[in-house]
Amino acid sequence: MQGKMLLTGGTGMVGRNILAHPAASDWEVLAPSSRELDLMDAARVRAYIEEHKPDLVIHAAGRVGGIQANMANPVAFLETNTAMGRNIVMGAWSGGVRKLVNLASTCMYPRAAENPLREEMILSGPLEPTNEGYALAKIMTMRLCEYIRREDPQAQYKTLIPCNLYGLHDTFDPKASHLLPAVIHKLHVARETGLEEVESGAMARPGGSSCSRAIWRMPCCGRHGTSRRCLIR
């Protein structure tokens, strides 16, 4: 066994794909539900980490949703994701956890950023306004990990920035889903109702299983890790 791993967001799309990957069998996995561990409660998070003493934390939890949900609830997306990120990262650091993987989002990049995206572009221009709150929360958590590494070089606190994902265990509710599941839902409705045209939106993105493979290839995740830069295509 590689050790003990704490996974937040274990019931979400990315979390469930992480748990389904063969590399997860190398770890004693802790994947508490929100009822078991409220990530909004800093004291409970800190106490949980001190009690269980994980060797690795993968932070995949968060309040997520599509454009409509972000536009309707900007306060909740900013406040909830900021609190979760702060509580799990600071709880891990104060609890002596040496390895942490933080999952972020490409919405952190400026709205007008040119492809290919590069990490140095972050905070170089205005964000996409429709999901700015979510993006700011993700930037804060990423920066917190960077600052911890600066103060504590032994802390392997890394941030992975996948683009919009789709795949197994996705959400198909058009009010909360991302592009691909929303398109699939629209096509299903069109087929059932006889519509001849469907408004889509944009292009496809990598799946949740691709993201889970990238996470397990990170050096801090044990024998499956690699020192090479990992791209999700």
Side-chain angles (χ1 to χ4, degrees), residues 1-19 21 23-64 77-105 108 119 122 134-162 211-212 214-227 230:
M1 297 290 281
Q2 294 286 327
K4 189 181 295 184
M5 176 188 75
L6 170 59
L7 171 66
T8 68
T11 60
M13 181 185 70
V14 174
R16 293 171 73 177
N17 277 281
I18 291 172
L19 293 174
H21 194 280
S25 62
D26 292 341
W27 295 82
E28 177 185 347
V29 178
L30 302 170
S33 67
S34 57
R35 290 184 179 182
E36 296 173 292
L37 178 61
D38 181 4
L39 297 179
M40 298 291 289
D41 188 329
R44 287 187 62 184
V45 172
R46 186 167 56 250
Y48 186 94
I49 290 174
E50 290 177 352
E51 176 185 355
H52 294 282
K53 297 178 172 53
D55 301 288
L56 167 67
V57 172
I58 299 179
H59 179 44
R63 179 172 184 139
V64 298
F77 275 88
L78 173 60
E79 197 271 336
T80 301
N81 289 295
T82 298
M84 286 185 178
R86 179 189 64 240
N87 293 343
I88 194 68
V89 172
M90 293 306 297
W93 193 35
S94 66
V97 178
R98 299 284 82 190
K99 301 175 181 179
L100 182 144
V101 177
N102 168 52
L103 292 187
S105 168
M108 296 160 50
E119 293 172 9
I122 296 174
Y134 181 77
L136 289 171
K138 290 298 184 180
I139 290 172
M140 186 285 299
T141 307
M142 181 192 70
R143 281 288 194 254
L144 184 57
C145 291
E146 292 176 357
Y147 294 159
I148 287 175
R149 293 203 312 272
R150 187 182 304 173
E151 292 189 17
D152 182 2
Q154 299 303 311
Q156 298 182 50
Y157 281 39
K158 306 291 186 177
T159 295
L160 184 68
I161 310 176
C211 181
S212 67
I215 291 169
W216 286 117
R217 290 184 63 195
M218 297 182 75
C220 61
C221 291
R223 66 185 181 88
H224 293 270
T226 174
S227 60
C230 297

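With rounding to the nearest 0.5 angstrom, the CH2 atom of W27 is 12.0 Å from the CG atom of L7. In this structure, CG on D152 lies 6.0 Å from CH2 on W93, to the nearest 0.5 angstrom. Annotation: the span from L144 atom CG to M90 atom CE amounts to 6.0 Å, rounded to 0.5 Å. A distance of 12.0 Å separates OG1 of T8 from CG of L30, quoted to the nearest 0.5 Å. Taken from NZ in K158 to CD in E146, the straight-line distance is 10.0 Å, to the nearest 0.5 Å. Atom CG of L39 sits about 14.5 Å away from atom CZ of R63, to the nearest 0.5 Å.
In this structure, the side chain of K4 does not engage the main chain of K53 through any donor-acceptor pair within 3.5 Å. Under the 3.5 Å distance criterion, the side-chain polar atoms of T80 are left unmatched by any main-chain donor or acceptor of F77. Of the possible polar contacts, none joining the K99 side chain to the I58 backbone as a donor-acceptor pair under 3.5 Å is found. Side-chain atoms of H21 come within 3.5 Å of backbone atoms of A23 as a donor-acceptor pair (strictly under, hydrogens ignored). When atom types are taken as modelled, the side chain of N87 and the backbone of A83 share a donor-acceptor pair closer than 3.5 angstrom.
Side-chain contact between E28 and M5: absent, with no pair of heavy atoms (C-beta onward) separated by less than 4.5 Å. Contact annotation: the side chain of I161 approaches that of M108 to within less than 4.5 Å [non-hydrogen atoms, C-beta and beyond]. Taking the side chain as every heavy atom from C-beta outward, I122 and I139 approach each other to under 4.5 Å. Side-chain contact between I49 and I88 is present, with heavy atoms from C-beta onward closer than 4.5 Å.
The two residues A92 and L100 have their closest heavy-atom pair at CB-CD1, 3.8 Å. Of all non-hydrogen atoms in A24 and V29, the two that sit nearest each other are O-CG2, 3.8 Å. Scanning all heavy atoms of the two residues, the minimum distance from I148 to A155 falls at CG2-CB, 3.9 Å. Between R44 and D38, the shortest heavy-atom distance links the atoms NH1-CB, 3.9 Å. In terms of heavy atoms, L103 sits closest to A60 at CD1-CB, 3.7 Å. Across C145 and V89, no two heavy atoms sit closer than the pair SG-CG2, 4.0 Å.
Exactly one residue among M142, K138, E119 makes a side-chain contact (heavy atoms from CB on, under 4.5 Å) with T159. That residue is M142.
R149 forms no cation-pi arrangement with Y157, by the criterion of a distance under 6.0 Å to the ring centre and an angle within 45° of the ring axis.
If you check the side chains of S33 and E36, you find a donor sitting under 3.5 Å from an acceptor.
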